[in-house]
2 protein chains.
Amino acid sequence: MIRLSTKGKYGARLMFQLALNYGNGPMLLKEIAAREDLSVRYLEHLVPPLRTARLILSMRGSKGGYSLAKKPQDITLKEIVRVLEGPFYPSECVEAPDICNRSSFCVTRNIWAELEQTISATLASHTLQDLVDEYRKAHTSEESS
Amino acid sequence: MIRLSTKGKYGARLMFQLALNYGNGPMLLKEIAAREDLSVRYLEHLVPPLRTARLILSMRGSKGGYSLAKKPQDITLKEIVRVLEGPFYPSECVEAPDICNRSSFCVTRNIWAELEQTISATLASHTLQDLVDEYRKAHTSEESS
DNA sequence: TAATTTCCTACCGCTTTGGTAGGAATGGTA
DNA sequence: TACCATTCCTACCAAAGCGGTAGGAAATTA
Ligand code: FES
Ligand code: FES
């Protein structure tokens, strides 16, 4: 399957909540989970990779929580998905030609390489700020009705 | 992971061999497997979906084998991968919004929808004939050296 | 009839997925 | 100091998917 796992999907929603909260201090994982209707226990697994990739900051203890390590316009979906799902290549041999013994002949490999570039470019073209703007736009127009 | 399984990868190579052989009558699975260095037994699993999707024709019995059901320029990588890997959406809720209860609010869903379109368009832009041309070009220039 | 090849179904070990759970470490607060 | 809330680390688990092997039936040709 050419499908995202819940790591990438939930991770994007987690980061979106942090982006919505940007500038308001640390946000509790409990609150993120509540707003996105996800399990706190599962979200805990997504935090370490995001933290080591320096996308989020964490504060322990009471009054702790999480916040974005950069401005929402400086974090793209590509970074988030990359960190949680791994590289985008549809076939390993795109980056490691050695594993296919006929990679020098293989014409399909070029397709997979191009596909990787396409996926990467698409995800890189959206920042968290874009999501926030889109959400605010839809949300306020709804309230005004 | 956002990765192709061997079904899609091997299937593309299988179809490529049939495209190379196009016009020369049925080709044995045994020969395809030999040329691509794959297991016949495993390739047998890829045949039924390709056949029901009317991408290949099969002839049973001795002197049997497989051939493309359409001209190589009329078969895209999109069709092949789609048949063997299933739909391209990174998240199920792109096509079935009901499974996420907050799909009407969810801004990440739009990203996954766009990603599906990008993947689909990229794969649709390459036909089997393209692969054959590319292979012949590389192969003949190599022989002339 | 015999040989060849497709075709159908089952099986199997391994890895990934999508979680749950326990409990230690940390920091604020009274 | 004691207490509490929260992050953080590690282990565990059931179910599904993956990659592949295997047996044998059905069809076609010679
Ligand atoms: S080189 Fe890896 S699939 Fe062809
Ligand atoms: S609607 Fe499915 S992930 Fe948001």
Side-chain angles (χ1 to χ4, degrees), chain A residues 1-14 17-18 21 25-34 36-53 55-67 69 81 84-87 90-93 99-100, chain B residues 1-14 18 21 25-34 36-53 55-69 81 84-87 90-93 99-100:
Chain A
M1 294 289 171
I2 191 165
R3 206 141 295 165
L4 238 48
S5 75
T6 53
K7 291 200 195 79
K9 290 190 284 185
Y10 294 179
R13 291 160 70 180
L14 185 161
Q17 286 297 330
L18 287 182
N21 188 251
M27 190 179 189
L28 294 185
L29 207 53
K30 198 199 311 186
E31 188 175 357
I32 298 173
E36 289 289 343
D37 195 21
L38 298 171
S39 149
V40 181
R41 283 306 220 170
Y42 189 59
L43 286 186
E44 282 180 342
H45 287 330
L46 311 184
V47 161
L50 290 171
R51 202 161 55 92
T52 61
L55 295 181
I56 65 175
L57 301 175
S58 64
M59 280 132 292
R60 303 180 65 163
S62 95
K63 292 288 179 182
Y66 300 94
S67 60
V81 175
L84 294 170
E85 300 274 351
S91 175
E92 319 254 338
C93 60
I99 65 170
C100 285
Chain B
M1 293 290 172
I2 191 164
R3 206 141 296 165
L4 239 48
S5 74
T6 54
K7 291 200 194 80
K9 291 190 284 185
Y10 294 180
R13 291 160 69 181
L14 186 162
L18 287 181
N21 188 251
M27 190 179 190
L28 293 185
L29 207 53
K30 198 198 311 185
E31 188 175 357
I32 297 173
E36 289 289 342
D37 195 21
L38 298 172
S39 149
V40 181
R41 283 307 222 171
Y42 190 58
L43 286 187
E44 283 180 343
H45 286 329
L46 311 183
V47 162
L50 290 171
R51 201 161 55 92
T52 61
L55 294 181
I56 65 175
L57 300 175
S58 64
M59 280 133 292
R60 302 178 67 163
S62 96
K63 293 286 181 182
Y66 299 94
S67 59
L68 293 185
V81 175
L84 293 171
E85 300 274 350
S91 175
E92 318 255 339
C93 60
I99 66 169
C100 284

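Side-chain atoms are counted along with the backbone in the values below, which use heavy atoms only and exclude waters and symmetry mates. Please read all numbers here as calculations on a predicted model, not as lab measurements.
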Taking [atom1] from [X] and [atom2] from [N], how many angstroms apart are they, rounded to a whole number?
X: A/I2; N: D/dG17; atom1: CD1; atom2: P; answer: 17 Å
X: B/K63; N: D/dA30; atom1: NZ; atom2: C1'; answer: 10 Å
X: B/M59; N: D/dA26; atom1: CE; atom2: C1'; answer: 16 Å
X: A/I56; N: D/dT6; atom1: CD1; atom2: C1'; answer: 14 Å
X: B/Y10; N: D/dC18; atom1: OH; atom2: P; answer: 13 Å
X: B/E92; N: D/dA16; atom1: CD; atom2: C1'; answer: 13 Å
X: B/Y42; N: D/dA22; atom1: OH; atom2: P; answer: 16 Å
X: B/I32; N: C/dT5; atom1: CD1; atom2: P; answer: 13 Å

Worksheet item: From the list D/dG19, C/dG27, C/dT6, which nucleotide is the closest neighbour of the side chain of A/S62?
Response: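 Nearest listed nucleotide: C/dG27.
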Fill in: Residue B/L29, side-chain heavy atoms: nucleotide from C/dT6, C/dT20, D/dG20 that is nearest
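Nearest to the side-chain atoms of B/L29, counting from C-beta on, is C/dT6.
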Fill in: Donor-acceptor under 3.5 Å (B/R3 side chain, A/P87 main chain)
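Checking the backbone N and O of A/P87 against the side chain of B/R3, a donor-acceptor pair under 3.5 Å is found.
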Item to complete: Check for a donor-acceptor pair, side chain of B/E36 on one end and backbone N or O of B/L14 on the other, with a separation under 3.5 Å.
Response: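 Judged by distance alone, no pair lies under 3.5 Å.
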Discussion item. Can you give me the bend angle of the helix from C/dT1-D/dA30 to C/dA30-D/dT1? Use the axis through the first five pairs and the one through the last five, nearest 10 degrees.
Written reply: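 The value is 10°.
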Discussion item. Base of C/dT26, side chain of A/R60 - is there a donor-acceptor contact under 3.5 Å?
Written reply: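 Flag unset: no donor-acceptor pair detected.
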Worksheet item: C/dG18 base to A/R41 side chain: any donor-acceptor pair below 3.5 Å?
Response: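 Counting by modelled atom types and ignoring angles, no donor-acceptor contact under 3.5 Å is found here.
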Worksheet entry | Point-to-point distance, once rounded to the nearest 0.5 Å, from CG of B/L29 to CG of B/L38 |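 Output value for this atom pair is 9.5 Å.
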Worksheet item: Between atom CZ of A/R13 and atom CG of A/D37, what is the distance when rounded to the nearest 0.5 Å?
Response: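 Between atom CZ of A/R13 and atom CG of A/D37 there are 7.5 Å.
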Practice prompt. Would you name the heavy atoms of B/A33 and B/S39 that are closest together and state the gap between them?
Written response: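 Where B/A33 meets B/S39 most closely, the heavy atoms are CB-C, 4.3 Å.
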Discussion item. With a cut-off of less than 4.0 Å, is there a side-chain N or O of B/S5 near OP1 or OP2 of D/dG17?
Written reply: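 Answer no for this pair, as no side-chain N or O of B/S5 is under 4.0 Å from OP1 or OP2.
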Discussion item. For a quick test of reading the model: is some side-chain N or O of A/T6 closer than 4.0 Å to OP1 or OP2 of C/dT17?
Written reply: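 Answer no for this pair, as no side-chain N or O of A/T6 is under 4.0 Å from OP1 or OP2.
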Item to complete: For side chain to side chain contact (heavy atoms under 4.5 Å, CB included), just list the numbers for B/I99 and B/C93, CA-CA rounded to whole Å, side-chain angles, deciding distance to a tenth of an Å, and then say yes or no.
Response: CA-CA 6 Å; B/I99 66 169; B/C93 60; 4.0 Å; yes
Fill in: Selection: residues 43-51 of chain B, any non-hydrogen atom under 4.0 Å of DNA chain D
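Contacting residues: B/H45.
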Worksheet entry | Close side-chain approach of B/T6 to B/Y42, heavy-atom, < 4.5 Å |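 Counting from C-beta outward, B/T6 and B/Y42 do come under 4.5 Å.
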Worksheet item: How do A/S39 and A/K7 order along DNA chain C: which one's closest nucleotide is nearer the 5' end?
Response: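 That would be A/K7.
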